[in-house]
Amino acid sequence: MHTLLRNCLTINLDNGNTEMIDLLIKEGKIARVSQTIIDIPEDCEIMDINERYVLPGFIDCHTHLGIIEESTGKIGIDNNETSDSVTPHIRAIDAINTRDIAFNDAIKAGVTTVMITPGSNNAVGGLVAVIKTAGSIIDQMIVRSPAGLKIALGENPITTYGVNNKCPVTRMGTTALVRELFMKTEDYMEEKKNGKLTKRDIRLEAVIPLLKGEISLRAHAHRADDIVTAVRIAEEFKIEKLVIEHGTEADLVADYLVERKIPIAFGPMLTPRSKMELKNRGYGTILKLTKAGVKVSLISDHPYNAIEQIRTIAALSVAEGLSEHQALKCLTINPAELLECHQRVGLLHVGMDADMIVLTGKPFDLNSMVKLTIINGNVVYRK
């Protein structure tokens, strides 16, 4: 079965130009992209888009979707395993409730792929997952799992454990816990390599993919000094892939990040400055980072910003001076690359997953609405 989307207005993410295209979908993938597709397969459903904007599905690369559930209260909050400050073996997929009503909100807002991460109360929080937003069985929704190991620097671990005089009490304590874990894992890997391992360790097994370069280090860091600490840790242990989560003061060390090709999952923005680390929060930071050459993705950090607000955040960034082209990249190909899923999602290219949205107007006109959301070639929302 094929589906042909005719007369699609889109934005070329390579150059920012607006183009008119036809899109042919086959078996959940984009089979053809052309100005006009003439030789239409016999089993083809034709949908005339009537020159509306068709874009890659939005990607939110930092959420707690389904592990901080909406409308359930305390029993639905599963993001922090605070029985211990170092929990690398905790996996986000083991707590995601796919029936969280926020999944419907995501689909209606055109968000087709998300990263779901444990919280930031622990020095080491656990393993993150990348999933599609449509489905009911989490194992059938996974794009990558694990996709990274979450650590948290700054206020959160200190205010969770230090107030009870438990480690970490200081930033030094937090970093020491991370170092200790990574050193133990290095020793464990050496024992494994030499055939001297007598007993498996679930915590250290979880860190091996990171030290082997198979997944990324996802470092919660707002303040500039915490961002630099994350870089220091990564370089110390020869960790190849680092993503700074939040990066409120990342503009203060932008050149340092550019030199090391370290991207930022930036946000959340639609929150008050509820703690010291958010003092310098502002939309101008996004503009400074992109101008400096830092790869930026915009995040909701759902539920701290509701996931349906992700396009609003981008629109407000455009109002601050960010180009619409750059803003669109911050919601599509940039997060796809941060999640190492860019071979599947983030672009309307042949061979990619058929994840796309149809808008009633321009992407960052907030009067525009999502008319259609398609995931893996299936229409999952129609207005």
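Sequential numbering from 1 along the given sequence is applied to the chain's residues. These figures come from a predicted structure and were not determined experimentally.
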With a sphere of 6.0 Å drawn around CG of D255, does it hold more than 12 non-hydrogen atoms of other residues, nucleotides or ligands?
no

Can you tell me which residue pairs pass the side-chain hydrogen bond (donor to acceptor under 3.5 Å, both in side chains) test with a partner in residues 352-361, sequence neighbours excluded?
K29-D353, K132-D353, K132-D355, R344-D353

Compute the ring centroids of H62 and H302, then answer whether they are less than 6.0 Å apart.
no

Under 3.5 Å, is there a donor-acceptor pair between the side chain of T10 and the main chain of V54?
yes

Counting neighbours of CE on M369 that are heavy atoms of other residues, nucleotides or ligands and sit closer than 6.0 Å, is the number greater than 12?
no

Pair Y161-V169, side-chain contact (heavy atoms from CB on, under 4.5 Å): steps then yes or no
CA-CA 7 Å; Y161 296 95; V169 177; over 6 Å; no

Only one of S297, S300, P335 passes side-chain contact (heavy atoms from CB on, under 4.5 Å) with D60; say which it is.
S300

So, does N305 use its side chain to make a donor-acceptor pair with the main chain of M269 at under 3.5 Å?
yes

Can you tell me if M172 has over 12 outside heavy atoms packed within less than 6.0 Å of its CE?
no

Assess whether salt bridge (Lys or Arg N to Asp or Glu O under 4.0 Å) is satisfied between E245 and R218, documenting all intermediate values.
CA-CA 6 Å; E245 306 288 335; R218 318 289 305 200; 2.6 Å; yes

Passing option when E205 is tested against K199, K192, R200, K212 for salt bridge (charged side-chain N to carboxylate O under 4.0 Å, His left out):
K192

Indicate yes or no: does E186 engage K193 in a salt bridge with an N to O separation below 4.0 Å.
no

Return yes if some donor-acceptor pair links the side-chain N/O of N122 with the main-chain N/O of I151 below 3.5 Å, else return no.
no

Under 3.5 Å donor-acceptor, D365 side chain and N367 backbone:
yes

Applying side-chain hydrogen bond (donor to acceptor under 3.5 Å, both in side chains) as the test, list every pair that has at least one member in residues 92-114; sequence neighbours left out.
E69-N97, R91-D94

NZ of K184: more than 12 outside heavy atoms within 6.0 angstrom?
no

Between D84 and R203, is there a side-chain N and carboxylate O pair less than 4.0 Å apart?
yes

